[in-house]
Amino acid sequence: MSPNNHKQHLYPTRIDMPAETRSQIVGLLNATLATTLDLKTQVKQAHWNVKGMDFYQLHLLFDEMATELEDYIDTVAERVTALGGLAVGTARTAAADSILPEFPFDILDGKEYVTALADRYAPYAKHLRVAIDKTGELGDADTADLYTEISRTIDKRLWFLEAHLQAAATTTASATPEKVAL
């Protein structure tokens with residue numbers, strides 16, 4: 001069984017990795033696939049329902065983020081199949097296997113949506129960094145590179161989300177800037 005509780009079947013391939021190694025990597029990739037699918041649907045939930053003064057800006061940002069995730073879903077699934085695995089990417093498996101908490105349905109304000117998404121992007125980013133290390137340890141530089149590519153974008157998006165929240169926190173804090181010793 002793979003980490004996401006689906007029986008792992010490997011198809012024949014000429015890729016020069018032992019079947020056990022490929023099986024471990026495919027299990028990790030399928031866990032990423034499930035979480036990425038879940039994150040994309042949560043971002044779309046925010047995109048469809050955000051309200052408030054920043055509606056238009058956030059509506060566009062969330063749609064852009066969902067589109068990026070869609071590309072990564074396809075890339076991860078194709079890597080699974082390139083390694084001889086079965087990409088497990090239905091909505092039901094994503095819901096069952098995702099590492100993310102359920103998205104809150106009782107929010108409307110843009111800041112609440114930004115917070116909810118930041119709270120999901122952070123553990124996803126951590127998952128990607130762990131996967132970079134794990135696939136590197138398993139000797140699969142290609143998959144580690146794939147994870148690195150995704151990680152850079154996810155960290156950037158987390159920065160975008162947190163920048164919205166930091167701006168809100170700054171306006172409520174003291175107007176006197178602190179001096180920093182160099």
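Here the structure is a predicted model, which is why all the values come from computation and not from measurement.
Screening Thr32, Asp140, Thr135 against Arg79 for a side-chain hydrogen bond (donor to acceptor under 3.5 Å, both in side chains) leaves a single residue, Asp140.
Classification of the Phe103-Phe105 ring pair by plane angle, with boundaries at 30° and 60°, yields perpendicular.
How far CE of Met17 is from CG of Asp142: 6.5 Å, rounded to the nearest 0.5 Å. Here Asn30 contributes atom CG and Thr36 contributes atom OG1; the two are 10.5 Å apart, rounded to the nearest 0.5 Å. With rounding to the nearest 0.5 angstrom, the CZ atom of Arg157 is 5.5 Å from the CG atom of Leu61.
Counting all heavy atoms, side chain and backbone alike, Gly110 lies closest to Val50 at CA-CG2, 3.6 Å. Pairing each heavy atom of Thr13 with each of Ala82, the nearest pair is OG1-O, 3.9 Å. In terms of heavy atoms, Arg22 sits closest to Gly84 at NH1-CA, 4.0 Å. Closest of all the heavy-atom pairs between Val80 and Ala87 is CG1-N, 3.5 Å. Nearest heavy atoms, Gly85 versus Tyr11: O-CD1, 4.2 Å. Here the shortest heavy-atom pairing between Ile99 and Thr35 reads N-OG1, 3.2 Å.
Other residues, nucleotides and ligands place more than 12 heavy atoms under 6.0 Å from the NZ atom of Lys44. No more than 12 heavy-atom neighbours from other residues, nucleotides or ligands sit within 6.0 angstrom of OH on Tyr56.
Screening residues 23-50 for ring pair (Phe, Tyr, Trp, His ring centres under 6.0 Å) gives His47-His59 as the qualifying pairs, with residues at least two apart or on separate chains.
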Exercise. Hey, mind stepping through Leu33 and Leu29 against side chain to side chain contact (heavy atoms under 4.5 Å, CB included) and telling me if it holds?
Worked result: CA-CA 6 Å; Leu33 181 58; Leu29 285 163; over 6 Å; no
For this session: Would you check, one step at a time, whether the test side chain to side chain contact (heavy atoms under 4.5 Å, CB included) holds for Lys134 with Tyr147?
Result: CA-CA 10 Å; Lys134 181 70 173 170; Tyr147 276 119; over 6 Å; no
Exercise. Where do Tyr124 and Asp38 land on the side chain to side chain contact (heavy atoms under 4.5 Å, CB included) test, with the steps shown first?
Worked result: CA-CA 10 Å; Tyr124 181 62; Asp38 184 27; over 6 Å; no
For this session: Apply side chain to side chain contact (heavy atoms under 4.5 Å, CB included) to the pair Asp155 and Arg129, showing each step before the final yes or no.
Result: CA-CA 10 Å; Asp155 281 351; Arg129 279 188 286 284; 2.9 Å; yes
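Annotation: side-chain hydrogen bond (donor to acceptor under 3.5 Å, both in side chains) contacts of Tyr113 (sequence neighbours excluded): none.
When atom types are taken as modelled, the side chain of Asn49 and the backbone of Ile107 share no donor-acceptor pair closer than 3.5 angstrom. For Glu149 (side chain) and Tyr72 (main-chain N/O), no donor-acceptor pair under 3.5 Å exists by modelled atom type. Within the 3.5 Å criterion, the main-chain N or O of Ala95 finds no donor-acceptor partner in the side chain of Ser98. Although no hydrogens or angles enter the test, the distance criterion places a donor-acceptor pair under 3.5 Å between the side chain of Arg120 and the main chain of Glu102. With Thr21 contributing its side chain and Leu138 its backbone, the two residues share no donor-acceptor pair below 3.5 Å. Under a 3.5 Å cut-off, the side chain of Thr67 and the backbone N or O of Asp63 do form a donor-acceptor pair. Judged by distance alone, the side chain of Thr75 and the main-chain N or O of Asp71 form a donor-acceptor pair under 3.5 Å.
Hydrophobic cluster membership differs between Val130 and Ile132, with clusters built from Ile, Leu, Val, Met, Phe, Trp and Tyr side chains linked at under 4.5 angstrom.
Side-chain contact between Asp54 and Val114 is absent, with no heavy atoms from C-beta onward closer than 4.5 Å.
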